[in-house]
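This report refers to the structure that appears directly beneath it.
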Amino acid sequence: MTETPLLGSALPDTAGGEAANSLLAGARIGVVTFPGSLDDRDAARAVRIAGGTAVELWHADTGAEALRGVDAVIIPGGFSYGDYLRAGAISRFAPLMQEIVRAAGSASAANLLPVLGICNGFQILTESHLLPGSMLKNDHLKFICRDQKLRVENNSTWWTSDYAAGQEITVPLKNQDGQYIADEKTLDALEAEGRVVFRYVGLNPNGSRRDIAGISNATGNVVGLMPHPEHAVEAGYGPESASGRSSGTDGLGFFTSVLSKLVGGTK
Amino acid sequence: MPRIVVDVMPKPEILDPQGKAIVAALPRLGFTGFSSVRQGKRFELTVDGDVTPEILQQAREAAEKMLSNPVIEDVVNVEVVAD
Amino acid sequence: MPRIVVDVMPKPEILDPQGKAIVAALPRLGFTGFSSVRQGKRFELTVDGDVTPEILQQAREAAEKMLSNPVIEDVVNVEVVAD
Amino acid sequence: MSGEHQTVETRKFNIDTVDHAARTPETPLPWAELGLKENEYNEVVKILGRRPTAAELAMYSVMWSEHCSYKSSKNHLRQFGDKVTDEMKEHLLVGIGENAGVVDIGDGWAVTFKVESHNHPSFVEPYQGAATGVGGIVRDIISMGARPVAVMDPLRFGAIDHPDTARLVHGIVSGIGGYGNCLGLPNIGGEVVFDAVYQGNPLVNALAVGVMRHEDIRLANASGVGNKVVLFGARTGGDGIGGASVLASESFDSSKPSKRPAVQVGDPFAEKVLIECCLELFKASVVEGIQDLGAAGISCATSELASNGDGGMNVELTKVLLRDPSLTPGEILMSESQERMMAVVTPENVAAFEAIMDKWAVEYSWLGEVTDTGRLIIEWDGEKIVDVDPRTVAHEGPVYDRPFHRPQWLDGVQADSFTASPAAAHRPADGAALAAAVVELMASPNMCSKDWVTDQYDRYVQGNTALAMPDDAGVVRVDESTGLGVSISTDANGRYSYLNPYEGARLALAESYRNVATSGARPLAVTDCLNFGSPEDPEVMWQFAESVRGLSDGCRELGVPVTGGNVSLYNQTGGVAIHPTPVVGVLGVFDDVARRTPSGWVEDGQAIYLLGTTADELDGSEWANLRGHLGGQPPRADLALERQLGEILVNASRDGMVDSAHDLSEGGLAAVLVESSLRFNVGARVSLAAVCERDGVDAFTLLFSESQARAVVAVPRSEEIRFTDMCTARAFPAVRIGIVDAESGSLNVQGQFELSLDELREAHEGTLPRYFG
Ligand SMILES: Nc1ncnc2c1ncn2[C@@H]1O[C@H](COP(=O)(O)OP(=O)(O)O)[C@@H](O)[C@H]1O
Ligand SMILES: [Mg+2]
């Protein structure tokens, strides 16, 4: 994952900044690679730009050491195992996923592993039952790649604390199977418990129920969403903004949120 | 060689986007006798030796655990087909 | 309401990446009795009234013309299912 | 995982061995069914000194096909090498002849890129045809040792309203997306053109680009006696050998029916894994030579590897892992199953190689080893079925000097200029008519927004895309620490080439070069995909010869070498050929992609300049096309002027003198004004008067003519003097034609018309969804 040197830290290079930097760099965020993962290097880059240390995790590794002692995990986008059967259906059974499910969902409540599933990662989290519901093919049946506006509905999760509640952000969306679906009871419960974390604003790009773009588990350590915050962390390579030149960096908050929570010792 | 066929269909209460697209397109080809279409999956598992009860049980479990997702799909059929 | 089931499978000589991915994953769940898997499609067409011979003929034609791609797929089955 | 244990008992063929062939010289062989001409077959017999075996016949027939041997085009393509100057060689690390060319972009980085066609398969089975087109070109890039970083897809379809067009558009676009998206390669550009000439013969060209460090460059050769030859990736099935079912019985004495699919089905997941596992092989330095398997499969890979290396190789064909155990040896040699690679590995590295395969769960089998005998020997269960000099298969095939002559009809066509024709009778003159014409143009199939297509492609993956659709070129960063990066565009105009193939090729090059320079990059190298009709038609052959002459002359004039490409002939339906369509891809380099220039206006109050001059050059234009006219001469291509314009655009970008730039090509100034407004939804006020007066043209001509070497740029107020001084110093015509207007929400052409951006957007973006849903 570290083939090419990355841009420096996105944090200001002030006196205090340096200390904060090294503090943040102490937080280790694992990024999972399955065969067919595509955005793993991008997610690792986002972690580094946010100031943290990215750690490669391999789908086939077994046992507790497979997690390499990371403080949080990102399951990135892509087409794991080709996604031919159902998105995420096969990855769910990877040995590493067993460890992630254990650490994120069933450990003692004080010590839950923060997990972010992006796109295919979200699909894998639903297939693994860490998050409820499932994904269908987009209602228009096509792959869609666009700059998508979202509203942050819940800023109290591990991955959204650096956003304001109700804040609107723009991040790229790109998928074929992104239509979020769950039964009415589940949807009502998600709404009631504040677990709808992101909603599509403006256009619902895939027919998702109640415009849901992302959700969390009850404890807020596990978050999944279809759009790609890791593609909106570096000016020049993100979504279009008012100034042109792909300068949108609205996705950075995901990575700074978890880092500040981790170094803030709230874990 | 014997095969086990597993059929998986989207749950009836779920709007199936592919089926919807097909039912909209059928009349354009002059096929007007159908009121709805649903698209599911059919798997054919080839068995190495004989289809023992254990193997059939394996197929049933694979159908529930991996070949289908109970949130959106039902396993509607698991059966042995001779060749 | 009566339904017509149409089963479509990839032609045997054609690469089936879906099936390949599944057969590689099955052993990881302890399912070791299967030597190959092929994944096809199952369509259920709901008929408005009775399944007349004409309707069945329509289903056959739709199966060939729209529900399958004759270059890479075969229609392996068209049958009426009562409910 | 390894195939060492594959049993052969189940495969009983009447094997046609070399000995058997020598003993039975009279056996009639189906060489004609396999596409060989009588003289070619006789040549094979002469080379071997006996009749070929069935397996040898399979190899020669497929390797000597037009597609693999370039037998009709070779004599012409030589010009690309012959006309290369020292200037052009400066950045060239690997030239024509390898899987793809490689150029040096500085700091120890190298880039490889190539465009290829998959036209015929995409007509038969659009989704898989297009998908495997992407898969094939990406494997070419991997086999150079590079990590693929982007793809592009120049496409041509029949008339937009033809009943078959939707099938092809849906299938081809989702095939390109389905494969490329799943591979994790951003799609950064391409073309979508509709024209009835492509009705029965759509063009699906695919370009891939990859990056590597200089020391990682790998070549396709098998050197080092005793080194092992390994086949890895997908299993071999009957793909792509439909026409070769005559080989079903290898002794040709029975008529066992065989159903072999002519269609190849792609597995992008397998290819993605193949990419990662090849990159790991390169990093660990465990392969000596590597070759992708594409057309002609194992025949091609073994004969090319052997012929490029020490000259000999022994292979045991029963070791090949099969998907379909009924394949005969000849079929195995010809199979075009996708997602396979062949490599040469030293005995010491075998274990390391296997460990990497196992990590990625990629299947492999050791087929044989490199020898110094000068012979490629292939055995089937120990019996010799091929014994050939690999050079005669791979490199010394037939070469034809096909007759060609200028078509007689061309005089009449060239004399039929648009402006003088009845089609030009109702030429829009007043403001209202011009406004309507602009809207009509921008909603037309070729000029409308291609978002419906490009929204189905992932342009973000890898996180390095700095420009993509709808800008003039695709731009990706190569080095994250310095911002070093590349820019690529592909272009062709079949109508121009129909009117004048020599100029048409130079015009395609000029446009692609201009697009790259407009994005701010210094053009460095060229790849091309030459799509033509039948070379056996002397008039088509003339179009081809003229195009190659034009392209090679043009490259010399611009100082950029052709590094590789592809020829696709026999693109015709019935006796009617497509327009000659030489797709040209130009690659340029940026020291820092942060300096790239987008094509839309952003900043209120910036000055808009038109660079270059406009003449009445409506022949072959989109406007004439809309009026159903095709005649006259295409626009003049002045490549010295293009070079000057390029320098201005690149300098202006580097020194921060422009904030936006868009070159003028199809649709002329009208298209650029609309596209630059819609890009970021920022309008402008412009006036045509000064240019009309200077160039002696009316407003209609200024808006719709397709004169070359022009661009529109937006200059920040603070930079205007510096910018105009630069143009003056180079004596390059530049006129301030207007101002960016962020408030009005409209495009205002003073004294003529005002069009709201909403109305323009609706017209521009509505067309493809209306036809394709
Ligand atoms: N098939 C395609 N795939 C990807 N991008 C495309 C495709 N067709 C057109 N585009 C993109 O749409 C934009 C407009 O295309 P075009 O008008 O042909 O550009 P230009 O005239 O600058 O060469 C360009 O950015 C081009 O790369
Ligand atoms: Mg352009």
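All chains are named by letter (A, B, ...) in the order of the sequence lines, taking the proteins before the strands, and each is independently numbered beginning at 1.
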Quick check on the interface: out of C:Val47, C:Val8, C:Leu67, who has the most heavy-atom pairs with chain B under 4.5 Å?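 Heavy-atom pairs under 4.5 Å are most numerous for C:Val47.
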With a 4.5 angstrom heavy-atom cut-off, is it the side chain or the backbone of B:Val76 that approaches chain C, or both, or neither?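 For B:Val76, the side chain is the part near chain C, not the backbone.
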Side chain, backbone, both or neither: which part of B:Ile22 has an atom under 4.5 Å from a heavy atom of chain C?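 Both backbone and side chain.
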For the atom pair [atom1] ([X]) and [atom2] ([Y]), what is the distance rounded to the nearest 0.5 Å?
X	Y	atom1	atom2	value
B:Ser68	B:Asp7	OG	CG	11.5 Å
B:Phe43	B:Ile4	CZ	CD1	13.5 Å
C:Glu13	C:Ile72	CD	CD1	11.0 Å
B:Arg38	B:Lys11	CZ	NZ	11.0 Å

Are C:Arg3 and C:Glu44 close enough for a salt bridge, meaning some N to O gap below 4.0 Å?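 Yes, C:Arg3 and C:Glu44 are salt-bridged.
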Could you please state which residues from residues 48-59 of chain B sit under 4.5 angstrom from chain C, measuring non-hydrogen atom to non-hydrogen atom, sorted by number, or 'none'?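 Contacts with chain C: B:Asp48, B:Ile55, B:Gln58, B:Ala59.
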Of all of B:Gln39, B:Glu61, B:Arg42, B:Met66, which one pairs up most often with chain C through heavy atoms under 4.5 Å apart?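 It is B:Arg42.
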Exercise: identify the closest heavy-atom pair between B:Ser36 and B:Val23: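 Minimum heavy-atom separation between B:Ser36 and B:Val23: CA-CG2, 3.7 Å.
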Looking at B:Leu15 and B:Pro17, what are the two nearest heavy atoms and their distance?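 Closest approach of B:Leu15 to B:Pro17: O-CD, 3.3 Å.
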Do the side chains of C:Gln18 and B:Lys41 get nearer than 4.5 Å, heavy atoms only?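 The answer is no; the side chains never approach within 4.5 Å.
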